[in-house]
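Below is one structure; the comments refer to it alone.
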Amino acid sequence: MKYTVQSGKYVLKNFLYIFPLAILPAFFLSASVDEGAMINVLNALFAGDISVWSFSELFRAISVLNFGTWQSTVFGLVGIFAIVPSVALLLAFLEKHFRIGKRTFNGLWSKLNDNIVSTCGYAILFLGAYEIWSLLLSALLFLLSRIPIAVLAYILAGITYLAMHVVLLYFVGMIYLWLPCMQITGFRPIEALHYSYQLVTTKIKWAILGAQIVFLLTAESLIGLCAIFLPNPIVFTVLTTLLYAILLMVYCVRMEIAYFDRDQIERADLKTYY
């Protein structure tokens with residue numbers, strides 16, 4: 001939990017520096033959300049009749065590439081393409097700040113060339129895993145919604161929803177430090193993955209998993225509430241863009257903080273900001 005707390009403090013104190021690096025992919029990912037499908041799924045949930053759930057609506061409400069409409073598909077693809085340079089630049093900024101204590105953008109574009117390939121590979125792996133997870137979760141929830149006993153269907157659907165989040169974030173924990181291990185050490189992908197696995201001990205892995213589950217479920221709840229109570233497309237897009245940007249910033253900052261801590265690298269920024 002300490003990494004999440006430290007990440008929150010860092011994001012708040014350096015918001016104006018890192019938010020511009022996260023806003024573009026956050027906007028396109030927000031615009032790709034199938035708000036209609038999400039509202040239908042949640043309305044059925046709160047109305048006490050999940051038997052009306054359809055697999056397609058569940059998938060469109062969960063997936064990034066939901067293919068609900070051509071607009072959402074295009075925005076989703078653009079968001080995925082935009083996230084690669086944005087994350088590469090964000091990690092370059094964080095590494096520079098942590099190493100020398102200076103919050104400047106000088107030299108980031110040259111560092112982009114070093115980070116772009118590894119970030120792209122990480123993003124493809126992460127997206128592929130997430131889409132497979134979305135497909136499985138949608139299928140499981142749809143099958144459970146067919147159970148004729150409503151109480152049992154609700155209980156099993158809730159357990160499955162939480163369990164699948166544990167599965168997803170456990171996988172994320174397995175590769176969580178892989179990206180900084182490649183970018184900072186210069187290791188090859190397999191060597192970096194092995195080193196990442198060594199750095200993330202069982203205790204740290206479960207601590208990161210617990211913090212990420214709480215953070216992710218909170219963000220998903222807020223997005224759902226925005227869809228139901230603030231259905232105006234402009235308001236919904238603005239608020240969810242902010243949420244996606246915060247998710248992206250915290251994810252990357254926590255990754256760098258955890259790596260510097262586990263690799264026992266002294267952080268120059270701590271002398272100034274903490």
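- You'll find the side chain of L24 reaches within 4.5 Å of the side chain of F28, heavy atoms only.
- Between W178 and S118 the shortest side-chain heavy-atom distance does not fall below 4.5 Å.
- L156 and F142 fall into different hydrophobic clusters, where Ile, Leu, Val, Met, Phe, Trp and Tyr are joined by side-chain heavy atoms under 4.5 Å apart, directly or via other members.
- Looking only at side-chain heavy atoms (C-beta outward), F81 and V78 stay at 4.5 Å or farther from each other.
- Remark: side-chain polar atoms of R267 are not paired, donor with acceptor, to backbone N or O of R99 under 3.5 angstrom.
- In this pair, Y10 and H97 present their aromatic rings tilted. The plane angle is within the 30 to 60° band.
- Judged purely by atom type and a 3.5 angstrom limit, W53 has no side-chain atom pairing as donor or acceptor with the backbone of S138.
- Between Q183 and T119, the closest side-chain pair of non-hydrogen atoms falls below 4.5 Å.
- Contact between A192 and C181 at its shortest, heavy atoms only, is O-CB, 3.7 Å.
- By the rule that hydrophobic residues join a cluster once side-chain heavy atoms approach within less than 4.5 Å of another member, L222 and L217 end up as members of one cluster.
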- Item | Test log, rule side-chain contact (heavy atoms from CB on, under 4.5 Å), inputs F75 and V33 | CA-CA 9 Å; F75 281 127; V33 174; over 6 Å; no

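- Between L90 and L21, the closest heavy-atom pair is CA-CD1, 3.7 Å.
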- Task: Check the pair L94 / Y259 against side-chain contact (heavy atoms from CB on, under 4.5 Å), numbers first and verdict last.
- Result: CA-CA 12 Å; L94 294 173; Y259 176 78; over 6 Å; no

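- Of the possible polar contacts, none joining the S196 side chain to the I175 backbone as a donor-acceptor pair under 3.5 Å is found.
- When the shell of 6.0 Å around CZ of R146 is examined, it contains more than 12 heavy atoms from other residues, nucleotides or ligands.
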- Message: Using side-chain contact (heavy atoms from CB on, under 4.5 Å), reason through V167 and Y170 one step at a time and then give a plain yes or no.
- Response: CA-CA 5 Å; V167 171; Y170 184 83; 5.8 Å; no

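- Across all their heavy atoms, P25 and G79 have their closest contact at CB-O, 3.9 Å.
- Judged purely by atom type and a 3.5 angstrom limit, E57 has no side-chain atom pairing as donor or acceptor with the backbone of S54.
- Annotation for G224 and M38: closest pair CA-SD, 4.2 Å, computed over non-hydrogen atoms.
- Atoms CG and CD, on L135 and E131 in that order, are 8.5 Å from each other to the nearest 0.5 Å.
- In this structure, the separation between CD1 on I62 and CE on M164 is 9.0 Å, given to the nearest 0.5 Å.
- In this structure, N115 CG and Y122 OH are separated by 13.5 Å, a value rounded to the nearest 0.5 Å.
- In plain terms, the two heavy atoms of F215 and I246 that are nearest each other are CZ-CG2, 4.0 Å.
- In this structure, Y161 contributes its side chain and L137 its backbone to no donor-acceptor pair below 3.5 Å.
- In this structure, the side chain of T240 engages the main chain of T237 through a donor-acceptor pair within 3.5 Å.
- Here CG of L143 is found 9.5 Å from CZ of F55. Values are rounded to the nearest 0.5 Å.
- A donor-acceptor pair is defined here as one N or O able to donate and one able to accept, closer than 3.5 Å; such a pair exists between the side chain of Y154 and the backbone of G48.
- K9 contributes atom NZ, which lies 13.5 Å from atom CG of N14 (distance to the nearest 0.5 angstrom).
- Hydrophobic cluster membership is shared by V84 and V64, with clusters built from Ile, Leu, Val, Met, Phe, Trp and Tyr side chains linked at under 4.5 angstrom.
- I159 and L162 are assigned to two separate hydrophobic clusters, defined by single-linkage of ILVMFWY side chains at heavy-atom distances under 4.5 Å.
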- Item | F236/F229 under ring pair (Phe, Tyr, Trp, His ring centres under 6.0 Å): CA gap, chis, key distance, verdict | CA-CA 9 Å; F236 178 81; F229 296 107; over 10 Å; no

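- Between Y176 and L169 the shortest side-chain heavy-atom distance does not fall below 4.5 Å.
- Note on F15: it clusters hydrophobically with L89, by side-chain heavy-atom contacts below 4.5 Å among ILVMFWY residues.
- Side-chain contact check for I265 versus F98: every heavy-atom pair is 4.5 Å or farther apart.
- Side-chain atoms of R262 come within 3.5 Å of backbone atoms of L199 as a donor-acceptor pair (strictly under, hydrogens ignored).
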- Decide yes or no on side-chain contact (heavy atoms from CB on, under 4.5 Å) for M182 and Y195, but give the supporting numbers first. CA-CA 9 Å; M182 283 190 286; Y195 187 49; over 6 Å; no

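- To the nearest 0.5 Å, atom OG1 of residue T160 and atom CD1 of residue I155 are 11.5 Å apart.
- Between the side chain of S30 and the backbone N or O of A26, no donor-acceptor pair lies under 3.5 Å.
- A pairwise comparison of heavy atoms in R103 and K13 identifies NH1-O, 3.4 Å as the closest pair.
- In this structure, F126 has its ring center no closer than 6.0 Å to that of F171.
- Remark: the backbone N or O of I39 is paired with a side-chain donor or acceptor of N43 at under 3.5 angstrom.
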